[in-house]
There are 2 protein chains.
Amino acid sequence: MALEHAILVSLLEKPGSGYELAHRFERSIGYFWTATHQQIYRVLGRMEGDGLLDVREVPQQGRPDKKEYSVAAPGRAALSAWLHQPVEPESIRHELAVKIRGAAFDDPAALISEVERHRKAHSDRLARYLTGEQRDFTGPEAPRPLDTGRELQHVVLRGGIAFERMTVAWLDDVLDTLHRLRAERPGAT
Amino acid sequence: MALEHAILVSLLEKPGSGYELAHRFERSIGYFWTATHQQIYRVLGRMEGDGLLDVREVPQQGRPDKKEYSVAAPGRAALSAWLHQPVEPESIRHELAVKIRGAAFDDPAALISEVERHRKAHSDRLARYLTGEQRDFTGPEAPRPLDTGRELQHVVLRGGIAFERMTVAWLDDVLDTLHRLRAERPGAT
DNA sequence: CTTGTATATGCAACGAGTTGCATAAGAGGA
DNA sequence: TCCTCTTATGCAACTCGTTGCATATACAAG
């Protein structure tokens, strides 16, 4: 149930509506957890029912009203309990890797454009992360000592950056391999 | 439905029983996709029902009989169709990162042992991958040119190695950060 | 005045994945 | 003899996650 915990963390950082949370999950929270708005609304409803969250109806002008959620005391306790419990180190799930190994039973060269597409998506994301890092964590915006929250946000962002950099480099390795295999078998398409 | 495709790839590489597949998913296939035996048996049953797989009852001595699955023609066609379809670049889901950001609202120093545990798990996995690479892809066992399948297996393994290396380095960064934060706030536990 | 975009919330159905349990045969050791 | 481990297969119940659809307000562009 890590979505619950990701929502608690995000709402502790700043209260907000389901819609706003969905956007954060496409941005900063998205470095390490993803969720669609349907999932978020469903879980928000359940968490409110369980007393983990408080809701406040916020009337707005020029746009529909919203429900602003914030973390209630039991929610904070639930997060704290989870933080003190071990979680299992996760394994990767990489569909593209399944495809690469599957390509041995089809035409490997046909994968090249797909891999290039993935490479672009990851290098775009890397650029976005680096821009965010420049904006939020350097110069006058750099976290002062003792700003624990900012320091921890930064180290998580550095993890996202390292992941994307590693992925781009690996996809280059994959592309080299696919090109080499095509050169060795000039008969293939 | 990537589990289906991962099973097709694995059975094309070598036919086997559900039990054997479950073990492969803890080893080589596990570089990029995980699954428990319950999931595997369920999906194997469905795939057989859909005509994607052939089954053969294999009587054994000294152990229970097994059902050996292999890929039927429609299964091969289904894999090929999927290979030619684009898949979305995936995002990470990293529970530990949720915890790190959540630690800002609790005691960051309490996370240190948890992060160390994860670091060990990842560096153990890295060592296992490197041993496997030595065994299967160097010296007399190195893939000859034109051995497409082996080359592709190797590039996927290199991806697993790169991922674990990157993760270990990042967790060191996280540990540095947590230690630094603890030093700056000597009051905390 | 219609179309498109952004804000805002939600249901229903399905498929994917996890957890707990159950069964059964043979091998090896206490 | 009993206990445990390995091989081998599976059901049931549940939660998690995805996809498609539905609704409503407001603003801007054509």
Side-chain angles (χ1 to χ4, degrees), chain A residues 1-7 15-27 29-30 32-50 53 55-69 82 85 87-95 98, chain B residues 1-7 15-27 29-30 32-50 52-53 55-69 78 82 85 87-95 98:
Chain A
M1 295 199 228
L3 178 54
E4 251 185 47
H5 302 118
I7 286 176
S17 67
Y19 187 82
E20 284 159 356
L21 278 173
H23 280 271
R24 291 185 213 169
F25 273 81
E26 281 181 0
R27 297 164 53 84
I29 319 287
F32 52 86
W33 208 264
T34 57
T36 59
H37 77 271
Q38 291 88 343
Q39 231 184 311
I40 290 166
Y41 282 119
R42 194 204 297 153
V43 173
L44 281 174
R46 193 184 64 213
M47 289 171 77
E48 192 210 328
D50 293 347
L53 300 180
V55 204
R56 200 167 58 94
E57 281 273 349
V58 179
Q60 296 190 111
Q61 285 166 349
R63 52 180 73 174
D65 298 351
K66 67 175 181 180
K67 293 188 192 171
E68 196 184 75
Y69 290 91
W82 176 69
Q85 254 187 337
V87 292
E88 277 316 295
E90 304 177 64
S91 324
I92 355 160
R93 290 229 161 140
H94 210 302
E95 247 183 315
V98 181
Chain B
M1 294 199 227
L3 177 55
E4 251 185 48
H5 302 118
I7 287 176
S17 68
Y19 189 82
E20 284 159 355
L21 279 172
H23 280 272
R24 291 187 213 168
F25 273 81
E26 282 181 358
R27 297 164 53 82
I29 318 288
F32 53 85
W33 208 263
T34 57
T36 60
H37 78 271
Q38 290 90 341
Q39 233 183 309
I40 290 167
Y41 282 119
R42 193 203 299 151
V43 174
L44 281 174
R46 192 184 65 212
M47 291 171 76
E48 193 211 328
D50 293 347
L52 304 179
L53 301 181
V55 205
R56 199 166 58 94
E57 281 273 348
V58 178
Q60 296 191 112
Q61 285 167 349
R63 54 180 72 173
D65 297 352
K66 68 175 179 179
K67 293 187 191 172
E68 197 185 72
Y69 289 92
W82 176 69
Q85 255 189 337
V87 293
E88 278 316 294
E90 305 178 64
S91 323
I92 355 161
R93 287 231 162 141
H94 210 302
E95 247 184 315
V98 181

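Everything numeric here is computed off the predicted structure, so don't read it as measured data. Every chain is numbered from 1 and lettered A, B, ... according to where its sequence line falls, protein lines coming before strand lines.
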Between atom [atom1] in [X] and atom [atom2] in [N], what is the gap in whole Å?
X      : N       : atom1 : atom2 : result
F25(B) : dT18(C) : CZ    : P     : 12 Å
H23(A) : dA8(C)  : NE2   : C1'   : 9 Å
K67(A) : dG10(C) : NZ    : P     : 4 Å
D65(B) : dT9(D)  : CG    : P     : 9 Å
E48(A) : dT9(C)  : CD    : P     : 12 Å
H37(B) : dT6(D)  : NE2   : P     : 15 Å
R42(A) : dC14(C) : CZ    : C1'   : 11 Å
I40(B) : dT18(C) : CD1   : P     : 11 Å

Is [X] close enough to [N] that one of its side-chain N or O atoms is under 4.0 Å from OP1 or OP2 there?
X      : N       : answer
Y19(B) : dT9(D)  : no
S17(B) : dT9(D)  : yes
R63(A) : dA26(D) : no
R46(A) : dG10(C) : no
R93(A) : dG17(C) : yes

Task: Exam field: side chain E48(B) to backbone G45(B), donor-acceptor pair closer than 3.5 Å - done: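 Here the side-chain-to-backbone pair does not exist.
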Proximity to the side chain of [X] - top-ranked nucleotide from [options]:
X      : options                  : answer
T36(A) : dA8(C), dG17(C), dT19(D) : dT19(D)
L3(A)  : dT7(C), dT9(C), dG17(D)  : dG17(D)
Y69(A) : dG10(C), dA8(C), dT9(D)  : dG10(C)
Q38(B) : dT9(D), dA25(C), dT19(C) : dT19(C)
Q60(B) : dG10(C), dA6(C), dA8(D)  : dA8(D)

Task: Of Y41(B) and Q39(A), the one whose closest DNA chain D nucleotide lies more 5' - done: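 Nearest-nucleotide comparison on DNA chain D picks Y41(B).
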Task: Residue closer to the 5' end of DNA chain D, E4(A) versus K66(B) (nearest nucleotide) - done: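 This one resolves to K66(B).
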Would you check if [X] and [Y] make a side-chain contact, meaning some heavy-atom pair closer than 4.5 Å?
X      : Y      : result
T34(A) : E90(B) : no
F32(A) : R93(B) : no
R56(A) : K67(A) : no

TODO: List the steps, then state whether side chain to side chain contact (heavy atoms under 4.5 Å, CB included) holds for F25(A) with L3(A).
DONE: CA-CA 10 Å; F25(A) 273 81; L3(A) 178 54; 3.9 Å; yes
